[in-house]
Amino acid sequence: MAKLIGLKKVKTAIFISGTGSNLESLIKFSLSKNSPIKINLIVSNNSKAKGLELAKIFKIKKKIYNFKNKSVSEKFILKDLKNNEIRLICLAGFMKILSKDFIKRFKGKILNIHPSLLPKYRGLDTHARVINNKEKYSGCTVHYVNSKLDAGRIILQKKVRVSKRDNAESLKIKILKQEHKLYPKAVIKILTNL
Ligand code: GAR
């Protein structure tokens, strides 16, 4: 990632499927003076994603592809990424699995945030599984994306205490708060080689 360092901000695309609270925190971070990224594109597989409203508010280009045919959608996305000179992709609640080929084309330049302490609790329904297993801790992880689900090299993690009163929803909220701080920190870490 050292190559990405330069005087200009790194043009970044954020991929979302839903609420977009991580998108919002990344946009706000990107607008701060010391941010190494500029968000030039929002991509979604879901035209109803609430996070897409942020595109209008912050005047960021958005593109929606339904992924009914993954390879066709990915082909268009790659074109969009090229046209917008995107050099970094942040998956932020993007619930589609990108193909090996797509990941290869953006090797080492796709990040993801996952709401668990990976390698524990890969996949879906993370919080419910953590509560069912009576874990004392959970958390969130920012990692590089490789061809295996939630398995790429870890960049940063934040541990969160699970209280006896927590349920899946309260834990989700607690962890999301930490996600909003962790993702910008991870972006800084990889782009400044700390
Ligand atoms: C976040 O908790 C994120 O970690 C999770 O989806 C949520 C999206 O929230 N991602 C995954 O589970 C990916 N496997 P947001 O749309 O408010 O950012």
Side-chain angles (χ1 to χ4, degrees), residues 12-31 37 39 41-58 60 62-65 67 70 74 77 88-100 102-103 106 110-133 135 137-162 166-187 189-190:
T12 301
I14 315 288
F15 286 28
I16 63 162
S17 298
T19 313
S21 69
N22 277 289
L23 167 64
E24 185 171 2
S25 94
L26 285 168
I27 292 173
K28 288 184 175 159
F29 162 67
S30 75
L31 296 173
I37 59 165
I39 297 169
L41 185 65
I42 298 167
V43 172
S44 183
N45 62 303
N46 172 15
S47 61
K48 295 198 172 82
K50 192 168 181 298
L52 287 172
E53 292 167 13
L54 294 162
K56 201 171 179 190
I57 296 170
F58 290 96
I60 301 169
K62 68 173 181 207
K63 291 276 182 174
I64 299 149
Y65 293 109
F67 273 71
K70 192 194 288 207
E74 287 186 343
I77 293 173
L88 179 69
I89 296 172
C90 296
L91 308 184
F94 184 65
M95 301 316 242
K96 290 282 173 193
I97 294 171
L98 295 165
S99 72
K100 277 185 187 163
F102 185 98
I103 293 166
F106 257 79
I110 311 178
L111 314 184
N112 181 41
I113 189 153
H114 185 74
S116 79
L117 293 173
L118 291 174
K120 288 178 111 181
Y121 299 101
R122 293 179 174 140
L124 298 174
D125 295 325
T126 315
H127 306 304
R129 288 185 285 140
V130 165
I131 296 287
N132 283 342
N133 289 343
E135 296 280 3
Y137 292 95
S138 186
C140 45
T141 305
V142 178
H143 63 95
Y144 286 106
V145 171
N146 67 11
S147 58
K148 290 191 192 125
L149 183 68
D150 300 329
R153 186 152 57 87
I154 290 171
I155 299 161
L156 277 181
Q157 282 188 314
K158 175 74 184 175
K159 215 171 170 181
V160 171
R161 181 118 172 87
V162 184
D166 271 324
N167 55 31
E169 188 56 28
S170 67
L171 187 59
K172 177 184 148 186
I173 293 166
K174 223 158 137 178
I175 290 177
L176 259 179
K177 264 192 197 156
Q178 296 306 320
E179 291 184 39
H180 301 156
K181 295 183 198 163
L182 193 71
Y183 219 157
K185 273 191 196 160
V187 167
K189 184 173 174 186
I190 60 147

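Just follow the structure's listing: the first ligand is 1, and inside any ligand the first atom is 1.
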Exercise. Is a salt bridge present between K120 and E135, judged by a nitrogen-to-oxygen distance below 4.0 Å?
Worked result: yes
Problem set entry | Pair E74, Y65: side-chain N/O donor-acceptor within cut-off below 3.5 Å | no
Exercise. Any side-chain donor paired with an acceptor under 3.5 Å for S21 and H180?
Worked result: yes
Seminar exercise, completed: Taking every heavy atom of I110 against every heavy atom of I103, the minimum-distance pair comes out as CD1-CA, 4.0 Å
Problem set entry | ring pair (Phe, Tyr, Trp, His ring centres under 6.0 Å) partners of F106, counting only residues at least two apart | none
Tabulating one pair per line, provide the atom names and distances (0.1 Å) for every N/O atom of ligand 1 that is less than 3.5 Å from a protein N/O atom.
{"unit_1": "ligand 1", "atom_1": "2 (O)", "unit_2": "E179", "atom_2": "OE1", "d": "3.2"}
{"unit_1": "ligand 1", "atom_1": "2 (O)", "unit_2": "E179", "atom_2": "OE2", "d": "2.8"}
{"unit_1": "ligand 1", "atom_1": "4 (O)", "unit_2": "E179", "atom_2": "OE1", "d": "2.7"}
{"unit_1": "ligand 1", "atom_1": "4 (O)", "unit_2": "E179", "atom_2": "OE2", "d": "3.3"}
{"unit_1": "ligand 1", "atom_1": "14 (N)", "unit_2": "H114", "atom_2": "ND1", "d": "3.2"}
{"unit_1": "ligand 1", "atom_1": "16 (O)", "unit_2": "G20", "atom_2": "N", "d": "2.8"}
{"unit_1": "ligand 1", "atom_1": "17 (O)", "unit_2": "S21", "atom_2": "N", "d": "2.9"}
{"unit_1": "ligand 1", "atom_1": "17 (O)", "unit_2": "S21", "atom_2": "OG", "d": "2.5"}
{"unit_1": "ligand 1", "atom_1": "18 (O)", "unit_2": "S21", "atom_2": "N", "d": "3.4"}
{"unit_1": "ligand 1", "atom_1": "18 (O)", "unit_2": "N22", "atom_2": "N", "d": "2.9"}
{"unit_1": "ligand 1", "atom_1": "18 (O)", "unit_2": "N22", "atom_2": "ND2", "d": "3.0"}

For this session: Check the side chains of N46 and S17 for a donor-acceptor pair under 3.5 angstrom, ignoring hydrogens and angles.
Result: no
